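Beneath this line is the structure, given in structure tokens, with notes to follow.
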Number of protein chains: 2
Amino acid sequence: MEIITSKDNKKVKEARKLLTKKYRKNSYLIEGFHLLEEAVKAGSEILQVFVEEEKFDKLPSALRFDLRLQSLSENGQRNEVEMTEKLSVNMVSREVLKSLADSDSPQGIIAEVKKYEAEIDFSGSKYLVLENVQDPGNVGTMIRTADAAGFSGVILLGNTADIYSSKVMRSMQGSNFHLPVIQMESGLLFGQLKKAGLSVLTTTLSANSVSYQSVKAHRFALVMGNEGAGVSEEAVNQADILVHIDMPGQAESLNVAVAAGILMFSL
Amino acid sequence: MEIITSKDNKKVKEARKLLTKKYRKNSYLIEGFHLLEEAVKAGSEILQVFVEEEKFDKLPSALRFDLRLQSLSENGQRNEVEMTEKLSVNMVSREVLKSLADSDSPQGIIAEVKKYEAEIDFSGSKYLVLENVQDPGNVGTMIRTADAAGFSGVILLGNTADIYSSKVMRSMQGSNFHLPVIQMESGLLFGQLKKAGLSVLTTTLSANSVSYQSVKAHRFALVMGNEGAGVSEEAVNQADILVHIDMPGQAESLNVAVAAGILMFSL
């Protein structure tokens with residue numbers, strides 16, 4: 001297999017566009033062996049892989065199997081090849097790999113993964129709603145925490161950070177492959193939550209809300225808001241319960257991902 | 001007052017060194033009006049201020065008072081000036097200010113603050129211990145959470161990120177001005193904790209630990225470890241109780257700052 005050493009290679013240039021949101025219509029990039037294994041396990045379609053030559057033997061076994069088939073194909077065995085003809089593996093130089101990565105020290109592999117339209121039917125008991133949460137690290141961490149806490153899905157409202165960005169991908173650590181994460185319009189979401197009999201728990205700093213420790217809700221959607229501005233008026237109006245975290249100390253607020261973690265693990 | 005427009009200005013160059021840890025022996029930089037107000041409120045010594053001309057009227061009132069005295073001094077009133085002769089205010093261009101900031105869009109003010117040797121006597125009931133926590137955002141967020149949860153102090157062990165770095169400062173949001181944060185040698189710390197009758201609660205992912213929900217400890221130090229490697233063998237050996245968070249979902253672990261938040265707010 002030839003090694004791509006130029007950042008101007010056409011495939012590399014096309015793939016690099018996926019670092020920008022507007023080009024991520026159908027696919028996105030993931031970085032590192034852990035995420036690639038999670039993607040393969042979840043049955044996501046891997047469109048192509050860029051791997052440093054020396055990291056080739058670290059490819060997840062499912063992918064290595066496909067590659068074996070592919071090399072057989074070069075010997076003329078067409079039937080087996082059809083299973084894998086969508087997968088293309090590109091060996092690249094370290095420099096080319098870095099040009100596709102968002103982190104300073106990428107792990108040696110980048111994969112292009114086809115987007116999958118997840119669905120949520122609201123038959124579960126716990127959902128997390130992120131409304132206009134802007135920091136990618138916060139968004140990713142909250143999805144990871146929702147996964148750890150056994151939530152049934154995450155719904156993104158408004159201009160919440162794009163989960164297909166490298167930073168969100170990195171902090172999710174593969175949780176998007178474990179539970180459905182979808183973007184929705186708020187009117188539609190609140191309608192569906194009511195129809196499904198889920199209580200809307202909106203977090204707020206205001207005094208006319210109850211401490212989370214006194215909340216008893218068995219099936220609910222927890223709404224977390226923007227880092228600076230908090231939740232919207234709509235999320236307050238749609239709430240069945242307004243909830244806050246009592247803070248005995250001097251800090252004025254908690255980081256939104258920490259607050260979400262405390263709530264998800266105690267409600 | 002003259003406006004400094006060159007990044008090569010001697011004062012600016014000296015101050016810029018404080019962005020690097022090895023130069024932060026006696027002082028450090030803070031960014032933004034909120035942190036400056038917190039520093040002034042806490043009685044920290046502000047050595048000098050770099051402010052954009054148009055942001056001058058936003059200076060905290062305590063500082064503006066000093067400035068008024070300083071301008072009086074130019075009319076010859078020496079007695080009142082002695083109170084403030086250590087404070088130097090520098091008006092700078094946007095470009096110069098940016099060269100002193102770690103963030104992309106600094107708020108228009110940077111202050112140099114004298115380091116203060118905090119002390120902890122372990123007479124309180126709740127302490128947070130960070131051992132080799134490397135991400136500055138995680139360190140800052142955990143100190144902010146400890147502040148919100150009413151903890152009495154934070155102790156840093158090993159190569160935990162320097163709290164005087166811009167990134168830790170930003171995520172602490174001033175909590176270092178609310179509670180003592182000190183660096184200690186681990187042998188000394190564990191000795192003092194035992195002497196003070198505080199239980200050592202070490203967090204771990206291992207199975208031979210108890211779920212945090214069954215822990216009853218009234219006076220304790222909670223030990224959080226490195227993001228990848230977890231806590232050290234020493235922290236495990238010194239533990240009175242090994243504690244973990246049960247995760248009903250699929251994620252393999254929680255972000256360390258989220259885990260610390262859950263524990264600090266429920267123990």
Side-chain angles (χ1 to χ4, degrees), chain A residues 34 37-38 41-42 124-126 128 135-154 167 170-179 205 211-213 227-228 244-267, chain B residues 34 37-38 41-42 124-126 128 135-154 167 170-179 205 211-213 227-228 244-267:
Chain A
H34 174 68
E37 276 176 46
E38 292 275 5
K41 254 194 277 174
S125 59
K126 294 175 179 185
L128 175 67
D135 181 80
N138 284 339
V139 171
T141 301
M142 285 192 274
I143 294 171
R144 177 179 170 195
T145 310
D147 176 21
F151 273 46
S152 300
V154 180
K167 278 182 188 159
R170 197 155 54 235
S171 44
M172 280 195 297
Q173 298 213 349
S175 285
N176 56 308
F177 298 117
H178 301 157
L179 84 174
L205 287 168
S211 168
Y212 73 101
Q213 284 153 317
E227 289 89 345
H244 73 264
I245 299 173
D246 282 322
M247 294 183 291
Q250 290 179 68
E252 285 160 27
S253 64
L254 288 166
N255 166 277
V256 65
V258 171
I262 294 168
L263 293 169
M264 285 192 267
F265 271 84
S266 55
L267 288 171
Chain B
H34 175 69
E37 277 176 45
E38 294 274 4
K41 254 194 278 174
S125 58
K126 294 175 179 184
L128 176 66
D135 181 80
N138 284 341
V139 170
T141 300
M142 285 192 274
I143 294 171
R144 177 181 170 194
T145 310
D147 176 20
F151 273 46
S152 301
V154 180
K167 278 181 190 161
R170 199 155 51 235
S171 45
M172 280 194 295
Q173 299 213 347
S175 285
N176 56 308
F177 299 117
H178 301 158
L179 84 174
L205 287 168
S211 168
Y212 72 101
Q213 285 155 314
E227 289 89 344
H244 72 265
I245 299 173
D246 282 323
M247 293 183 292
Q250 290 179 68
E252 286 160 26
S253 64
L254 287 165
N255 166 277
V256 65
V258 170
I262 294 167
L263 294 169
M264 286 193 266
F265 270 84
S266 55
L267 288 171

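Just so it is clear, the model here is predicted, and its values are computed rather than measured. Only this structure's heavy atoms are used, side chains among them; waters, hydrogens and symmetry mates stay out.
The shortest distance between side-chain heavy atoms of Thr145(B) and Asn255(A) does not fall below 4.5 Å. The closest side-chain heavy-atom distance from Phe265(A) to Phe265(B) is not below 4.5 Å. Counting heavy atoms from C-beta on, the side chains of Glu38(B) and Gln250(A) never come closer than 4.5 Å. The shortest distance between side-chain heavy atoms of Ser253(A) and Arg144(B) falls below 4.5 Å.
At a 4.5 Å heavy-atom cutoff, the contact between Ile245(B) and chain A is made by side-chain atoms alone. Neither the backbone nor the side chain of Phe177(B) comes within less than 4.5 Å of any heavy atom in chain A. Heavy atoms closer than 4.5 Å to chain B are found nowhere in Ser266(A), neither backbone nor side chain. Within the 4.5 angstrom heavy-atom criterion, no atom of Leu263(A) approaches chain B.
Expressed to the nearest 0.5 Å, how far CG of Asp147(A) lies from CG of Leu254(B) amounts to 9.5 Å.
Taking chain A as the reference chain and counting heavy-atom pairs below 4.5 Å, the highest number among Ala257(B), Ser171(B), Ala149(B) is found for Ala149(B). Ranked by heavy-atom pairs shorter than 4.5 Å toward chain B, the options Pro248(A), Ala259(A), Gly261(A) are led by Pro248(A). Ranked by heavy-atom pairs shorter than 4.5 Å toward chain A, the options Ser175(B), Gly249(B), Gly174(B) are led by Gly249(B). Heavy-atom pairs under 4.5 Å with chain A were tallied for Gly150(B), Gly140(B), Ala260(B); the largest tally goes to Gly150(B).
Shown here is Glu252(A), whose CD atom has no more than 12 heavy atoms of other residues, nucleotides or ligands within 6.0 Å.
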